[in-house]
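The first residue in the sequence is number 1, and the count goes up from there. First listed ligand is number 1; within each ligand, the first listed atom is number 1.
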Amino acid sequence: MDENINELISDLRTYLEYLKGMGITTLPVADHVPEKAPPSEALTLADVKKELGDCKRCKLHRTRKTIVFGEGNEGARLMFIGEGPGYDEDVQGRPFVGRAGQLLTKIIESINLSREEVYIANIIKCRPPQNRNPEPDEIESCNPFLMKQIRVIQPGIICALGTFSAQTLLKTDTKITALRGKLYELEGIKVIPTYHPAFLLRNPERKREVWEDMKKIEELLRSP
Ligand code: URA
């Protein structure tokens with residue numbers, strides 16, 4: 001290494017002496033050194049959360065208690081996306097912690113994963129009053145942040161829970177009964193819609209179909 005530097009210095013000296021011999025005794029030096037572009041650091045979930053801030057982009061901020069950003073593993077291979085926070089989620093600031101959430105936890109565990117290993121988010125991050133359906137302007141305001149979360153996590157598979165999640169992610173108005181269990185794609189990520197856990201609480205006889213969808217997901221996760 002030292003040898004290389006000595007050689008470089010010697011070459012430089014020879015070159016400068018050559019220039020001197022040519023009558024060139026000064027060298028132009030840029031008086032403005034252009035700033036280096038900052039290294040393009042990858043976005044993190046913390047960056048997305050910071051950008052979201054104390055969001056007031058839609059009317060739901062007036063009635064919500066807490067923004068439910070999402071939680072789980074930033075490097076998850078599997079992401080669950082529900083509809084929006086309910087009462088318990090709004091109080092606790094965490095997704096899927098009420099009765100439907102407890103069922104989702106069981107669904108996740110049915111394929112030998114834990115909540116900590118996956119990432120859980122919703123189409124909208126604030127509870128609609130009286131748990132009404134999310135409105136198009138609310139979905140539209142929230143969607144850029146969900147998409148950023150998806151791009152940070154880059155899961156292999158997204159399991160879309162219920163009508164709003166599946167229809168929003170897949171930009172379709174096809175019914176969930178027709179969408180569920182089939183494989184779709186969003187920005188190179190596999191998307192499998194299934195029924196929402198809250199729907200299963202009201203219609204337990206549909207659990208078998210969700211079980212089948214989860215088996216499909218488990219198999220996809222097994223393949224590299
Ligand atoms: N239902 C949802 O869609 N999301 C939650 O976080 C809770 C219930």
Side-chain angles (χ1 to χ4, degrees), residues 45 48-49 52 55 58-61 63-74 76 78-110 113-143 145-150 153 155 157-173 175-177 179-181 184 186 191-204 206-207 209-210 213-214 217:
L45 289 177
V48 181
K49 200 171 190 174
L52 180 69
C55 186
C58 85
K59 56 191 176 299
L60 292 179
H61 80 272
T63 47
R64 70 157 188 245
K65 273 197 180 65
T66 326
I67 298 177
V68 180
F69 182 74
E71 68 178 25
N73 178 0
E74 186 148 350
L78 175 60
M79 186 168 177
F80 289 88
I81 301 179
E83 180 178 314
Y87 174 83
D88 296 292
E89 291 77 19
D90 184 46
V91 169
Q92 294 188 42
R94 297 178 55 209
F96 282 99
V97 288
R99 277 187 69 222
Q102 285 161 22
L103 181 53
L104 178 62
T105 304
K106 281 188 191 157
I107 291 170
I108 294 168
E109 288 169 354
S110 77
L113 287 171
S114 64
R115 279 180 72 109
E116 292 72 32
E117 285 173 293
V118 303
Y119 195 88
I120 306 172
N122 281 304
I123 292 295
I124 55 167
K125 299 189 189 313
C126 295
R127 182 193 181 208
Q130 279 84 47
N131 294 345
R132 65 154 167 76
N133 288 339
E135 292 176 355
D137 61 308
E138 296 156 2
I139 294 176
E140 201 179 312
S141 305
C142 229
N143 192 253
F145 294 93
L146 176 64
M147 289 312 296
K148 283 182 190 180
Q149 284 171 287
I150 292 171
I153 297 163
I157 304 168
I158 292 173
C159 179
L161 299 167
T163 301
F164 277 93
S165 176
Q167 292 186 344
T168 303
L169 294 171
L170 302 174
K171 297 187 178 69
T172 178
D173 49 19
K175 289 213 164 82
I176 186 70
T177 40
L179 295 171
R180 70 142 277 274
Y184 300 88
L186 170 71
V191 179
I192 299 193
T194 196
Y195 294 132
H196 193 286
F199 171 79
L200 294 182
L201 290 174
R202 298 189 300 270
N203 303 274
R206 312 304 286 265
K207 281 184 184 173
E209 289 156 273
V210 173
D213 301 342
M214 295 311 294
I217 289 174

Could you list, one pair per line, each nitrogen or oxygen of ligand 1 together with any protein nitrogen or oxygen closer than 3.5 Å, giving atom names and the distance rounded to 0.1 Å?
residue, atom, partner, partner atom, Å
ligand 1, 1 (N), H196, NE2, 3.3
ligand 1, 3 (O), E83, N, 2.7
ligand 1, 3 (O), G84, N, 3.2
ligand 1, 3 (O), G84, O, 3.4
ligand 1, 3 (O), N122, OD1, 3.4
ligand 1, 3 (O), H196, NE2, 2.7
ligand 1, 4 (N), G84, O, 3.0
ligand 1, 4 (N), N122, OD1, 2.8
ligand 1, 4 (N), N122, ND2, 3.4
ligand 1, 6 (O), F96, N, 2.9
ligand 1, 6 (O), N122, ND2, 2.9

Any side-chain heavy atom of V48 sitting closer than 4.5 Å to one from F69?
->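 Of all side-chain heavy-atom pairs linking F69 with V48, at least one is under 4.5 Å.
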Provide the closest heavy-atom pair for [X] versus [Y] in the form atom of the first, atom of the second, distance.
| X | Y | result |
| --- | --- | --- |
| A76 | I153 | O-CG2, 3.6 Å |
| N133 | E138 | O-OE1, 4.5 Å |
| S165 | I81 | OG-O, 2.7 Å |
| R206 | Y195 | NH2-OH, 3.0 Å |

Of V191, T163, T172, which meets side-chain contact (heavy atoms from CB on, under 4.5 Å) against L179?
->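 Testing each of V191, T163, T172 against L179, the sole residue satisfying side-chain contact (heavy atoms from CB on, under 4.5 Å) is T172.
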